[in-house]
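Counting starts at 1 for both ligands and their atoms, in listed order.
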Amino acid sequence: MYKIVAKKVLAPAIKQFQIQAPEIAARARPGQFVVLRIDEKGERIPLTIADYDPKGGTVILVFQEAGRTTMELGRLEEGDSILDLVGPLGKPSEIRRYGKVICIGGGVGIAAIYPIARALKEAGNEVVSIIGARCRDHLFLVEKMGEVSDALEITTDDGSAGRKGFVTGVLQDLLVGEEGIDLVVAIGPPAMMRAVAELTRPYRVRTVVSLNPIMVDGIGMCGACRVAVGGKTRFACVDGPEFNAHLVDWPVVMQRARMFREEEKRAVEDYFLGSECRCRKR
Ligand code: FAD
Ligand code: FES
Ligand code: MG
């Protein structure tokens with residue numbers, strides 16, 4: 001069992017757990033993830049390792065309540081435990097001295113970009129970060145992102161904090177105005193990552209995205225997470241999750257993310273219908 005030693009609400013429906021998991025904390029690297037199962041009847045879901053403390057033996061997970069399992073997870077409190085936590089999984093981010101790097105986090109992707117931005121900064125890069133959310137209340141980790149960035153740009157869809165609009169607006173200005181951008185790393189909703197890829201493509205700026213297809217085992221056995229990259233089938237859990245954004249077959253990524261919408265909707269409806277007696281349903 002993996003104990004939740006601290007819980008924080010970072011934004012509406014975005015929660016952070018610090019979890020006791022010494023073996024994972026000892027081996028985790030930026031860009032990796034875990035697959036967790038709340039209890040023996042739970043489904044397996046992947047979450048990025050947003051931070052790790054090898055000495056303290058804990059990992060940080062940040063999740064958005066997007067459907068049934070993440071809602072169930074959000075109801076757990078400090079002192080509760082999670083049945084399974086498997087990881088670290090996936091290839092770590094390629095951290096080296098590139099020069100000038102732009103790190104982009106959208107929505108809950110801000111949590112995933114944080115350890116990568118920090119590692120890139122520690123490796124001697126000039127890091128410009130762009131983080132975006134729906135509105136001011138949905139922004140989080142602003143201070144921590146500022147600490148690991150040479151410059152931090154903030155966007156909100158409604159203009160309630162930072163610049164009004166999307167992260168791509170700031171990126172566009174940087175691409176036009178600044179010479180020598182060596183790498184762009186973007187993590188967020190697929191539509192955002194695709195837009196970033198299309199923006200940087202004509203500038204031939206190396207661009208990396210972390211794909212988030214549906215995963216089941218997380219170890220390359222089930223094939224659920226397959227994506228097409230550069231005309232080849234790749235399993236995001238073992239070959240990724242980071243890929244060259246310009247080689248990703250985006251229509252396939254978007255289509256596969258929508259595959260189980262009806263089932264996901266029903267699972268949430270069942271969850272709320274049964275919420276008064278969930279203990280007996282298990
Ligand atoms: P559902 O209603 O079941 O699904 C909502 C949406 O989430 C679906 O439409 C689908 O796009 C996606 N999803 C559903 N099941 C899975 C699954 N088994 N695997 C992947 N995506 C799924 N979310 C975070 O909030 N924080 C993170 O740090 C984070 N890291 C991720 C890292 C990786 C490598 C991947 C692949 C996904 C990550 N996600 C993260 C997405 C997260 O796994 C899904 O939001 C979660 O599984 C939704 O489960 P649900 O039952 O609550 O929602
Ligand atoms: Fe099963 Fe990747 S999640 S192969
Ligand atoms: Mg689900």
### Query
Any idea which of Val216, Thr48, Val62 brings a heavy atom closest to atom 26 (N) of ligand 1?
Val62
### Message
Under 4.0 Å, heavy-atom basis, I'd like to know which part of Arg226 is in contact with ligand 2: side chain, backbone, both or neither.
### Response
neither
### Part of Val108 within contact of ligand 1 (heavy atoms, under 4.0 Å)
side chain
### Query
Taking non-hydrogen atoms only, is Arg44 closer than 4.0 angstrom to ligand 1 via side chain, backbone, both or neither?
backbone
For the pair [X] and [Y], find out whether any cationic side-chain nitrogen is under 4.0 Å from an anionic carboxylate oxygen.
X: Lys15; Y: Glu65; value: yes
X: Arg118; Y: Asp51; value: yes
X: Glu72; Y: Lys41; value: no

### Task
State, yes or no, whether a side-chain contact exists between Val142 and Ile154 at a heavy-atom distance under 4.5 Å.
yes
#### Entry: Matching residue for Thr168 among Val196, Ile130, Thr200, Asp173 - test: side-chain contact (heavy atoms from CB on, under 4.5 Å)
Val196
### Query
Contact between Glu72 and ligand 1, counting heavy atoms under 4.0 Å?
no
### Query
Does at least one non-hydrogen atom of Ala111 fall below 4.0 angstrom from an atom of ligand 1?
no
### Query
Of all the atoms in Cys225, is at least one N, O or S atom closer to atom 1 (Fe) of ligand 2 than 2.8 Å?
no
I need the atoms of ligand 2 closer than 4.0 Å to a non-hydrogen atom of [X], numbered in the order shown.
X: Gly223; result: 1 (Fe), 4 (S)
X: Met221; result: 4 (S)
X: Val216; result: 3 (S)

### Query
Taking atom 1 (Fe) of ligand 2 as the vertex, what is the angle from SG of Cys222 to OD1 of Asp217, given to 10 degrees?
100°
### Message
Determine whether any protein heavy atom is located less than 4.0 Å from atom 8 (C) of ligand 1.
### Response
yes
